[in-house]
Number of protein chains: 2
Amino acid sequence: MNTYRVAGLTALGDPTRRAIFERLAERPRAVGELAAELPVSRPAVSQHLKVLKQARLVTDRSVGTRRVYQLDPDGLAELRGYLDHFWDQALAGFKAAVEHDPKESK
Amino acid sequence: MNTYRVAGLTALGDPTRRAIFERLAERPRAVGELAAELPVSRPAVSQHLKVLKQARLVTDRSVGTRRVYQLDPDGLAELRGYLDHFWDQALAGFKAAVEHDPKESK
DNA sequence: AAACTTGGTAAGCGAATACTTACCGTTCGT
DNA sequence: ACGAACGGTAAGTATTCGCTTACCAAGTTT
């Protein structure tokens with residue numbers, strides 16, 4: 001299908017993972033801490049964090065018995081790069097089409 | 001859950017929708033045209049386009065019996081805005097954490 | 001107007017996946 | 001060293017969701 005491999009998009013497709021992602025953007029958090037704020041169980045959070053980690057959207061470090069997660073700029077940069085890559089094409093195509101045929105039919 | 005409503009992320013979470021998205025970035029295309037290039041049926045493409053349209057990632061206009069789709073800068077801008085919003089926070093949190101506790105355990 | 005082209009929708013099916021409970025390993029405190 | 005805190009993994013279930021076939025509506029052509 002010649003589609004780009006953007007694991008981050010698949011990862012952030014899920015609302016619960018977005019919620020985790022957005023909380024980690026605010027500040028690093030431990031697993032149980034995240035679970036306490038979310039309407040899902042702690043194992044569910046663990047599983048989501050695994051996906052986010054594979055997408056390089058988060059990193060983790062152990063602090064005592066706890067495991068603290070935080071955002072990883074790498075995956076985030078990849079996501080931004082992906083969108084930026086299509087941004088110019090989208091604008092160019094948009095303008096060309098509008099001038100060619102202004103009447104829309106939404 | 002206080003999660004941001006970013007329909008675009010949910011929409012682009014699917015690989016087939018990404019394939020459609022990426023082809024429309026190249027140039028506007030009709031539904032059948034997309035279906036011919038993809039390994040899924042035309043109704044499947046229609047359903048995906050519906051999702052992309054609701055996420056304001058594409059617009060459509062009718063040309064004769066055909067329906068031509070193209071990227072919509074609005075949804076794309078929203079996506080970029082979403083990621084940019086977390087970009088600074090991620091960087092700040094990342095640097096602070098690294099300086100605070102440099103030893104990682106990947 | 002009849003036939004063809006194009007595409008959206010409905011219904012149904014199978015696969016993916018998000019969630020739960022149960023269990024186990026690791027680390028800290030007393 | 002024992003118990004508690006913390007978190008990853010396994011197994012199982014239920015819902016979501018992407019896909020197909022069948023059908024129908026709208027537009028074009030001759």
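Sequence lines set the chain letters: A, B, ... in the order given, protein chains first and strands last, and positions in each chain run from 1.
- Atom pair Ile20(A):CD1 and dA18(C):C1' shows a separation of 11 Å (rounding to whole Å applied).
- Residue order along DNA chain C, read from the 5' end via each residue's closest nucleotide, puts Asp14(A) first among Asp14(A) and Gly64(A).
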### Task
Let me see the working for Tyr69(B) and Glu33(B) under side chain to side chain donor-acceptor pair (under 3.5 Å), right down to the final yes or no.
CA-CA 10 Å; Tyr69(B) 283 79; Glu33(B) 201 174 349; over 6 Å; no
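- Distance Lys50(B) NZ to dA10(C) P: 7 Å, rounded to the nearest Å.
- Put simply, the residue from Lys50(B), Arg67(B), Gln70(B) that forms a side-chain hydrogen bond (donor to acceptor under 3.5 Å, both in side chains) with Asp60(B) is Arg67(B).
- Remark: the Arg42(B) side chain and the dG8(C) base include a donor-acceptor N/O pair separated by less than 3.5 Å.
- One atom, CZ of Arg17(A), and another, P of dT16(D), lie 16 Å apart when rounded to the nearest Å.
- No donor-acceptor distance shorter than 3.5 angstrom exists from the side chain of Arg17(B) to the backbone of Leu12(B), with no hydrogens or angles considered.
- Atom CG in Leu49(B) sits roughly 15 Å away from atom C1' in dC19(D) (whole-Å rounding).
- For the pair Val51(A) and Pro43(B), nearest-nucleotide mapping onto DNA chain C gives the more 5' position to Pro43(B).
- Checked by distance alone, Gln47(A) brings a side-chain donor or acceptor within 3.5 Å of a matching partner on the base of dT20(C).
- The phosphate of dT6(C) has neither OP1 nor OP2 within less than 4.0 Å of any side-chain N or O from Tyr69(B).
- Contact annotation: Ser41(A) reaches the phosphate of dT20(C) (side-chain N/O to OP1 or OP2, under 4.0 Å).
- Nucleotide dT9(C) holds its P atom 15 Å from the NE2 atom of His48(B), rounded to whole Å.
- Distance, Arg61(A) CZ to dT27(C) C1': 17 Å, rounded to whole Å.
- Between Gln54(B) atom CD and dG8(C) atom C1' there is a gap of 13 Å when expressed in whole angstrom units.
- Atom P of nucleotide dG7(D) and atom CG of Leu38(A) are separated by 13 Å, given to the nearest angstrom.
- Along DNA chain D, the nucleotide nearest Thr65(A) and the nucleotide nearest Val40(B) are compared for position; the residue whose nucleotide lies closer to the 5' end is Thr65(A).
- Val51(B) and Leu9(A) are assigned to two separate hydrophobic clusters, defined by single-linkage of ILVMFWY side chains at heavy-atom distances under 4.5 Å.
- Note that CD1 of Ile20(B) and CG of Leu71(B) are 11.5 Å apart. Values are rounded to the nearest 0.5 Å.
- Close to dC19(C), at under 4.0 Å from its OP1 or OP2, lies a side-chain N or O of Thr16(A).
- Taking the side chain of Arg66(B) as heavy atoms from C-beta on, and the options dA18(C), dC6(D), dG7(C), the nearest nucleotide is dG7(C).
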